[in-house]
Amino acid sequence: MSRRTLYQSAERVAPRVLGARLVSEVGGERVVVRLTEVEAYGGAGEDPGSHAYLGKTPRNATMFGPPGHAYVYFTYGMHWCANIVTGPEGTASAVLLRAGEIVEGLDVARARRLSARVDRDLARGPARLTVALGLTGELDGVDLLDSTSPLRLEVARRPLPVVAITPRTGVGGAGAMTPWRFVSDDPTVSPYRAAVSRGRAAR
DNA sequence: CTCGAGATGGCCT
DNA sequence: GGCCATCTCGAGT
């Protein structure tokens, strides 16, 4: 694929990367996933569900950079999540990688995801996917289309068919309605969970 | 399968 | 101080 495709907005790019291969050679170990579920996030001032909504900050700076790079962030005090930056530089849209099927490096992925009881769960969920691939904040900003990068994206000539478009998992507030979660017909697609409110427990 | 709750810490106002 | 683009486990239907 050309970088040109990634210059479009995230909601246009998202369905096209279903079925794409994400190749990780982090730590000298090769693991490849075929993407089965993604979500689109918009830029500053346009998508209340996006990290970029309130403008550029140290954490989300990569989103404002050129398309085709990885935006990797830390959340919930323990998890990493990975995105593909899309759109022209400055627009800050991105595609969150929510799930995939391990197609190479099964042994490595299993060793990294000891809590997964079945292979289907190895990269079923955004934080599980980053663990299976060995991704951390060190990968933030890498060029996914550079053949020398430790993390690369190879988009399928024919994307997987989109069988469902739903609201985004875990996104609440004003961004909750936007149907920007794109799902293929595959058992590795993660279970949908609505945003949960974290009110302080009574007691 | 569904639901609920704890873990755990950075980010942003 | 409040809010997370989540995961895991246990217990219930």
Side-chain angles (χ1 to χ4, degrees), chain A residues 9-11 13-15 17-18 22 33 35-64 69-87 91-100 102 109-141 164-183 187-203:
Chain A
S9 58
E11 73 271 24
V13 174
V17 298
L18 285 181
L22 187 64
V33 295
L35 300 175
T36 58
E37 176 188 352
V38 297
E39 283 176 0
Y41 286 86
E46 59 182 41
D47 176 12
S50 172
H51 285 176
Y53 185 58
L54 298 178
K56 190 173 180 177
T57 69
R59 175 174 70 160
N60 66 23
T62 301
M63 289 183 76
F64 288 80
H69 290 238
Y71 168 48
V72 184
Y73 68 89
F74 189 63
T75 191
Y76 288 107
M78 62 196 106
H79 297 303
W80 295 100
C81 292
N83 299 248
I84 303 164
V85 175
T86 78
T91 58
S93 60
V95 174
L96 171 69
L97 309 179
R98 288 202 54 88
I102 306 291
R110 286 173 180 151
R112 288 172 172 164
R113 290 266 306 120
L114 295 177
S115 65
R117 298 185 188 184
V118 294
D119 289 344
R120 167 201 206 212
D121 287 343
L122 288 172
R124 188 182 190 222
R128 292 167 167 185
L129 183 148
T130 59
V131 171
L133 294 182
L135 310 184
T136 68
E138 293 183 16
L139 277 295
D140 184 44
I165 301 177
T166 77
R168 294 168 294 185
T169 302
V171 173
M177 303 300 286
T178 315
W180 277 359
R181 172 173 176 256
F182 298 83
V183 171
T188 61
V189 169
S190 70
Y192 176 77
R193 296 185 205 285
V196 296
S197 111
R198 236 157 240 290
R200 203 40 244 142
R203 164 24 175 187

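These numbers come from a predicted model, not from an experiment. Lettering follows sequence order; numbering is per chain, from 1. Side chains are part of it too, since the values below use all heavy atoms of this structure and drop only hydrogens, waters and symmetry mates.
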Atom-pair distance (OH on Tyr76(A); P on dG2(C)), nearest Å: 17 Å
Find the distance Tyr53(A):OH to dC4(C):C1' and express it as a whole number of Å. 17 Å
Within the structure provided, determine whether Val13(A) and Ile84(A) are in side-chain contact (heavy-atom separation under 4.5 Å). no
Using atom names, set out every protein N or O paired with an N or O of nucleotides 10-12 of chain B below 3.5 Å, distance rounded to 0.1 Å.
| unit_1 | atom_1 | unit_2 | atom_2 | d |
| --- | --- | --- | --- | --- |
| dC12(B) | OP1 | Thr57(A) | OG1 | 2.2 |

Please tell me if Arg181(A) has a side-chain N or O lying less than 4.0 Å from either OP1 or OP2 of dA5(C). no
How many angstroms lie between CZ in Arg98(A) and CG in Leu35(A), if you round to the nearest 0.5 Å? 12.5 Å
So, taking the atom named NE2 in His69(A) and the one named OG1 in Thr86(A), what distance separates them when rounded to the nearest 0.5 Å? 12.5 Å
With a 4.5 Å cut-off on side-chain heavy atoms, are Thr75(A) and His51(A) touching? no
Which value, rounded to the nearest 0.5 Å, describes the distance between Met63(A) atom CE and Asp140(A) atom CG? 11.0 Å
Under 3.5 Å on both distances, the Watson-Crick or G-U partner of dT8(B): none
Sequence neighbours excluded and cut-off under 3.5 Å, please list the side-chain donor-acceptor pairs for residues 125-133 of chain A, or say none.
| unit_1 | atom_1 | unit_2 | atom_2 | d |
| --- | --- | --- | --- | --- |
| Arg128(A) | NH1 | Arg124(A) | O | 2.8 |
| Thr130(A) | OG1 | Trp80(A) | O | 2.8 |
| Thr130(A) | OG1 | Ala127(A) | O | 2.9 |

Quickly work out the Met78(A) CE to dT6(C) P distance and round it to whole Å. 12 Å
d(Thr166(A) OG1, Glu39(A) CD) to nearest 0.5 Å is 7.0 Å
With 3.5 Å as the limit, what N/O pairs link the protein to nucleotides 8-12 of chain C?
| unit_1 | atom_1 | unit_2 | atom_2 | d |
| --- | --- | --- | --- | --- |
| dT8(C) | OP1 | Arg113(A) | NH1 | 2.7 |
| dT8(C) | OP1 | Ser115(A) | OG | 2.6 |
| dT8(C) | OP2 | Arg128(A) | NE | 2.7 |
| dT8(C) | OP2 | Arg128(A) | NH2 | 2.6 |

Which listed nucleotide (dA7(B), dT6(C), dA5(C)) is nearest to the side chain of Val171(A)? dA5(C)
Can Thr136(A) and Glu138(A) be counted as having a side-chain donor-acceptor contact under 3.5 angstrom? no
Calculate the interatomic distance between Trp80(A) atom CH2 and dT8(B) atom C1'; express it in whole Å. 14 Å
Tell me what Gly49(A) touches on the nucleic acid: a base, only sugar-phosphate, or nothing, going by heavy atoms under 4.0 Å. base
Close side-chain approach of Val33(A) to Ile102(A), heavy-atom, < 4.5 Å: yes
